[in-house]
Amino acid sequence: MYRAPSAEVFTVEGGRFTMRAVVSASGGVLDYYALEGERARLPGGRFVLRLAEPVAYRELSLLTTSLGRRTLVSGGRCLPLFPRGGAAEVRVALRVTPDVRGGPCDQSQSFFLNTT
């Protein structure tokens with residue numbers, strides 16, 4: 001909608017995703033979320049919204065499209081969540097596995113996870 005790269009920043013703790021911040025090249029993207037928190041401009045010109053009250057989820061249900069190109073980024077690896085065409089519903093849940101997938105990416109909408 002804003003045609004600007006953005007990322008939702010989560011931590012993973014106790015089997016839950018906790019949304020901590022939103023980062024974007026556009027301040028309008030932060031307004032779209034309509035969440036309370038501290039807004040700042042980062043070096044390099046990006047905007048960040050650090051949520052006043054982080055929001056936790058057991059599972060994330062997302063609508064993904066090839067246009068938005070949502071991805072999951074964790075530990076320097078990238079897992080594309082979008083279909084080649086059209087739209088798809090994707091559910092993201094936690095499961096520990098030794099099978100590592102994904103690789104480097106440059107996507108417009110990403111979820112960044114920090115695991116503890």
Side-chain angles (χ1 to χ4, degrees):
M1 180 163 103
Y2 290 92
R3 299 191 185 275
S6 63
E8 296 172 351
V9 181
F10 290 80
T11 55
V12 175
E13 303 168 70
R16 298 176 68 93
F17 298 97
T18 302
M19 185 175 176
R20 304 279 179 186
V22 178
V23 180
S24 180
S26 167
V29 169
L30 304 184
D31 295 337
Y32 172 80
Y33 280 83
L35 295 169
E36 295 295 323
E38 177 188 332
R39 295 167 186 259
R41 189 123 193 210
L42 299 173
R46 292 189 177 158
F47 297 87
V48 63
L49 168 63
R50 291 180 183 90
L51 277 59
E53 293 187 34
V55 182
Y57 307 90
R58 287 222 176 269
E59 178 180 276
L60 299 173
S61 181
L62 311 166
L63 180 60
T64 65
T65 67
S66 56
L67 179 64
R69 302 175 64 87
R70 286 184 180 251
T71 60
L72 186 139
V73 179
S74 180
R77 297 187 185 274
C78 173
L79 179 63
L81 302 176
F82 57 91
R84 291 181 190 244
E89 183 179 350
V90 174
R91 291 180 186 261
V92 181
L94 298 172
R95 184 179 76 184
V96 177
T97 177
D99 182 20
V100 178
R101 299 180 190 165
C105 67
D106 180 25
Q107 307 299 336
S108 62
Q109 292 188 13
S110 299
F111 296 92
F112 292 94
L113 298 180
N114 293 321
T115 57
T116 59

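Hydrogens, waters and symmetry mates are skipped; everything else that's a heavy atom, side chains included, is used.
- In this view, Arg46 and Val23, Leu42 satisfy the side-chain contact (heavy atoms from CB on, under 4.5 Å) rule, not counting sequence neighbours.
- Ion pairing between a basic and an acidic side chain is recognised when a charged N comes within 4.0 Å of a carboxylate O; Arg70 and Glu89 show no such pairing.
- Residues Leu81 and Val90 share a closest heavy-atom pair of O-CG2, 3.2 Å.
- Within the model, atoms OH of Tyr57 and CZ of Phe17 stand 11.5 Å from one another, a figure rounded to the nearest 0.5 Å.
- Between Thr11 and Arg20, the shortest heavy-atom distance links the atoms OG1-NE, 3.1 Å.
- Two residues are said to be in side-chain contact when any heavy atoms from C-beta on lie closer than 4.5 Å; Leu67 and Arg69 fail this criterion.
- In this structure, Phe82 and Thr64 approach most closely via the heavy-atom pair CA-OG1, 3.7 Å.
- Side-chain atoms of Ser24 come within 3.5 Å of backbone atoms of Pro5 as a donor-acceptor pair (strictly under, hydrogens ignored).
- Taking OH from Tyr33 and CG from Leu51, the interatomic distance works out to 10.0 Å, rounded to the nearest 0.5 Å.
- For the residue pair Ser66 and Pro83, the shortest heavy atom distance occurs at CB-O, 3.4 Å.
- Residue pairs satisfying the salt bridge (Lys or Arg N to Asp or Glu O under 4.0 Å) criterion with at least one member in residues 53-64, sequence neighbours excluded, are listed as follows: Glu59-Arg91.
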Which side-chain N or O atoms in residues 34-41 pair as donor and acceptor under 3.5 Å with protein atoms at least two apart or in another chain?
{"from": "Arg39", "atom 1": "NH1", "to": "Asp31", "atom 2": "OD1", "distance (Å)": "3.0"}
{"from": "Arg41", "atom 1": "NE", "to": "Gly45", "atom 2": "O", "distance (Å)": "3.0"}
{"from": "Arg41", "atom 1": "NH2", "to": "Gly45", "atom 2": "O", "distance (Å)": "3.3"}

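- Between Leu30 and Val22, the shortest heavy-atom distance links the atoms CD2-O, 3.6 Å.
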Next item on the list: Report the C-alpha distance between Thr71 and Leu79 in whole Å, list the side-chain angles of each, state the deciding distance to 0.1 Å, and finish with yes or no for side chain to side chain contact (heavy atoms under 4.5 Å, CB included).
Entry: CA-CA 6 Å; Thr71 60; Leu79 179 63; over 6 Å; no

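- Across every non-hydrogen atom of Leu63 and Ala87, the tightest pair is CD1-CB, 4.1 Å.
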